[in-house]
Number of protein chains: 2
Amino acid sequence: MNEGPNIALLGSLIGDPARANMLTALLSGKALTASELASVAGVTLQTTSSHLAKMEAGGLISRRRQGRHHYFSLAGEDVASVLEQIAGLAARQGHQATRTGPRDPALRQARVCYNHLAGERGVQLFDSLLARQFVAGDGEQLHVTAAGTQFLAGFGIALADISKPRRPLCKSCLDWSARRSHMAGTLGTALLGRLFALKWARRQPDSRIVTFTRTGDQRFTETFPV
Amino acid sequence: MNEGPNIALLGSLIGDPARANMLTALLSGKALTASELASVAGVTLQTTSSHLAKMEAGGLISRRRQGRHHYFSLAGEDVASVLEQIAGLAARQGHQATRTGPRDPALRQARVCYNHLAGERGVQLFDSLLARQFVAGDGEQLHVTAAGTQFLAGFGIALADISKPRRPLCKSCLDWSARRSHMAGTLGTALLGRLFALKWARRQPDSRIVTFTRTGDQRFTETFPV
DNA sequence: TTCATAGTTCGATCATAAACGAAGCATTTA
DNA sequence: TAAATGCTTCGTTTATGATCGAACTATGAA
């Protein structure tokens, strides 16, 4: 009767408000404890524990024990990508899409998506690298060109250091606010990290919003022109 | 409190087994009546009507009245894409992924995804067009090259006829079975239609499976070599 | 007109699962 | 050692929503 995999199970996992809040919080890429997740979800610790167990069993999140703390994070980029795409659907047909508060524009501007830069800034970064042929795309599977390797080295990212055997170096990830692709994968993570290290941008505490400094904004546009 | 759009609502819509079955059936791209959907979901017509109203309000499906029949179809390619990606998550972590029955390999081989070709065949088609530079990609936004326009004309597809002002001509769509991109968009639809018109392949009744004829298989690989 | 088919709406039932209190386990601190 | 913290497990309550029967609307056929 069932053809293909079990969609309903995952849907119901995402479908609960408390769980959806937790997942959204985890989209920041930070690993959060059960207590922190209970706080963002607005339910007690017992309830949270139950939710976390279900999401772990469903493969949405993974757990890392450290002392008496349990740190939870999204199971992978594919999970983050699906969450962002669902958010995209909801945003598109604006309807009951939680009237855009003051923080919303900032989210569209620049935000963390699991571990890379999303929003208009993320799209700009991606487009710039593509336009100058530093990365070349065949769909969502991307690779860095020779010129790109050199450019990235100048930017402070040594590809040899970050390329892992299995994980794709860079992939594209669809953006819900801009409906465009931005850079995910190991390279996407490295780029975001470099932005922070250079102090061009910093993450707002307890939020997915990324804010650029005055000079960082300028440098960013110089380095990644459209 | 809520940052970003309402994920939980869409998740819960997808999360109900009856609705998930209906959505999966609609992934075939066919417009189905309420009665047909009731049949695939295994619930009564009343229940189905309720589900359909909710999914319509949620923007997942759209309705077209024709006489006393109501035809339902997915609201758009973005919805289809999300569904396929969720299926991909479920398939990946194999778990309770409904032990792969005999039909499963066929689904991986070639299937209809909303209105274009997915599965290994779909990936092959996409890769071939990219490798020969008939389409060029910058992420998920793709465009047809001059050489591609000519090639497609020879294949029986006149781009001028199918390009609409607003809809993107071709986009990539992530595949749950192959975890690769395949061709969606207007061009993807046209290509699938051409395969049917040439009788290289046909759709299995009441299924998303696409089967290639003996000669069709041969011609397809000749026309779209890897 | 009458009858049949397709679908919706209403109301009631019922089952699932979300939520929390209480208790238990594990780890760290005192 | 004892006490506190972080989290899980168990058992119960409760609320949401899926389901279906019955009644109603609309289109088509006889």
Side-chain angles (χ1 to χ4, degrees), chain A residues 1-2 6-26 30-75 96 206, chain B residues 1-2 6-26 30-73 96 206:
Chain A
M1 177 192 279
N2 258 345
N6 194 343
I7 293 186
L9 179 65
L10 284 179
S12 68
L13 282 179
I14 302 172
D16 178 81
R19 285 194 288 259
N21 282 338
M22 298 182 200
L23 290 171
T24 302
L26 290 174
K30 295 191 229 179
L32 300 174
T33 65
S35 305
E36 291 169 324
L37 289 169
S39 168
V40 304
V43 293
T44 63
L45 192 53
Q46 308 94 289
T47 304
T48 301
S49 178
S50 161
H51 285 312
L52 292 173
K54 284 171 189 168
M55 290 194 283
E56 188 183 14
L60 288 183
I61 62 175
S62 60
R63 175 193 311 244
R64 201 182 66 233
R65 272 165 254 246
Q66 198 154 9
R68 53 184 167 182
H69 293 272
H70 291 213
Y71 285 95
F72 297 88
S73 49
L74 294 185
Q96 63 278 59
D206 297 322
Chain B
M1 178 192 283
N2 258 345
N6 195 342
I7 292 185
L9 179 65
L10 284 179
S12 69
L13 283 178
I14 301 172
D16 178 79
R19 286 194 288 258
N21 282 338
M22 298 182 199
L23 290 171
T24 302
L26 290 174
K30 293 190 228 179
L32 300 174
T33 65
S35 305
E36 292 170 322
L37 290 169
S39 168
V40 304
V43 292
T44 62
L45 192 52
Q46 308 95 287
T47 305
T48 301
S49 178
S50 162
H51 284 312
L52 292 173
K54 284 171 189 169
M55 289 195 284
E56 188 183 14
L60 288 183
I61 63 175
S62 60
R63 175 193 308 244
R64 202 182 65 235
R65 272 164 253 247
Q66 198 155 9
R68 54 183 167 183
H69 294 272
H70 291 212
Y71 286 94
F72 297 88
S73 49
Q96 62 279 62
D206 297 323

Exercise. Yes or no on side-chain contact (heavy atoms from CB on, under 4.5 Å) for Leu74(A) and Leu60(A), after CA distance, side-chain angles and deciding distance?
Worked result: CA-CA 6 Å; Leu74(A) 294 185; Leu60(A) 288 183; over 6 Å; no

Over how many whole Å does the gap from [X] atom [atom1] to [N] atom [atom2] extend?
{"X": "Glu56(B)", "N": "dG7(C)", "atom1": "CD", "atom2": "P", "answer": "13 Å"}
{"X": "Glu36(A)", "N": "dC7(D)", "atom1": "CD", "atom2": "P", "answer": "8 Å"}
{"X": "Leu45(A)", "N": "dC10(D)", "atom1": "CG", "atom2": "C1'", "answer": "15 Å"}
{"X": "Met55(B)", "N": "dA18(D)", "atom1": "CE", "atom2": "C1'", "answer": "13 Å"}
{"X": "Phe72(A)", "N": "dT8(D)", "atom1": "CZ", "atom2": "C1'", "answer": "10 Å"}
{"X": "Leu37(B)", "N": "dA18(D)", "atom1": "CG", "atom2": "P", "answer": "16 Å"}
{"X": "His70(B)", "N": "dT5(C)", "atom1": "NE2", "atom2": "P", "answer": "17 Å"}
{"X": "Leu52(A)", "N": "dC7(D)", "atom1": "CG", "atom2": "P", "answer": "9 Å"}

Problem set entry | Shortest non-hydrogen separation from Ala8(B) to Pro17(A) and the atoms involved |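 Closest approach of Ala8(B) to Pro17(A): CB-CA, 3.9 Å.
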
What pairs of nitrogen or oxygen atoms, one from the protein and one from nucleotides 14-19 of chain C, lie under 3.5 Å apart?
residue : atom : partner  : partner atom : Å
dA18(C) : OP1  : Arg19(A) : NH2          : 3.3
dA18(C) : OP2  : Arg19(A) : NH1          : 3.4
dA18(C) : OP2  : Lys54(A) : NZ           : 2.7
dA19(C) : OP2  : His51(A) : NE2          : 2.7

Problem set entry | Sugar-phosphate only, base, or nothing, as touched by Thr33(B) at under 4.0 Å among non-hydrogen atoms |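 If one applies the 4.0 Å heavy-atom cut-off, Thr33(B) turns out to touch the sugar-phosphate alone, with no base involved.
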
Exercise. So what does Arg63(B) touch, heavy atoms closer than 4.0 Å: a base, only the sugar-phosphate, or nothing?
Worked result: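 Sugar-phosphate contact only.
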
Exercise. Can any side-chain N or O of Thr24(A) pair as donor or acceptor with the backbone N or O of Ala20(A) at less than 3.5 Å?
Worked result: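 Here the side-chain-to-backbone pair exists.
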
Problem set entry | Partner set under side-chain contact (heavy atoms from CB on, under 4.5 Å) for Glu56(B), not counting sequence neighbours |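 Partners of Glu56(B) by the side-chain contact (heavy atoms from CB on, under 4.5 Å) criterion, ordered by chain and then number, come out as Ile61(B), Arg63(B).
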
Exercise. Got a sec, which residues hit side-chain contact (heavy atoms from CB on, under 4.5 Å) with Thr44(B), two or more places apart in sequence or on another chain?
Worked result: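 Testing Thr44(B) for side-chain contact (heavy atoms from CB on, under 4.5 Å), a comparison that skips the adjacent residues, returns Gln46(B), Thr47(B).
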
For this session: Write out all pairs satisfying side-chain hydrogen bond (donor to acceptor under 3.5 Å, both in side chains) with one or both partners inside residues 7-20 of chain A, taking only residues at least two apart or from two chains.
Result: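 Non-adjacent pairs meeting side-chain hydrogen bond (donor to acceptor under 3.5 Å, both in side chains): Arg19(A)-His51(A).
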
Exercise. On a plain distance test, is the side chain of Gln46(B) in donor-acceptor contact with the base of dG21(D) below 3.5 Å?
Worked result: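 Present.
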
Taking distance alone, no hydrogens or angles, what donor-acceptor pairs closer than 3.5 Å link side-chain atoms of residues 34-43 of chain A to residues at least two apart or in another chain?
residue  : atom : partner  : partner atom : Å
Glu36(A) : OE1  : Thr33(A) : N            : 2.8
Glu36(A) : OE1  : Thr33(A) : OG1          : 3.3

Problem set entry | Out of dC7(D), dC20(D), dA6(C), whichever nucleotide has its closest atom nearest the side chain of His69(B) |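 For the His69(B) side chain, the nearest candidate turns out to be dA6(C).
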
For this session: Kindly determine whether Leu52(A) and Met22(A) satisfy side-chain contact (heavy atoms from CB on, under 4.5 Å), including the steps that lead there.
Result: CA-CA 9 Å; Leu52(A) 292 173; Met22(A) 298 182 200; 4.1 Å; yes

Problem set entry | Pairing residues for Arg68(A) by the salt bridge (Lys or Arg N to Asp or Glu O under 4.0 Å) criterion, not counting sequence neighbours |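 By the salt bridge (Lys or Arg N to Asp or Glu O under 4.0 Å) rule, Arg68(A) matches no residue at all.
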
Show each protein N/O and nucleotides 27-30 of chain D N/O combination with a separation under 3.5 Å, one pair to a line.
residue : atom : partner  : partner atom : Å
dT27(D) : O2   : Arg68(B) : NH1          : 3.3

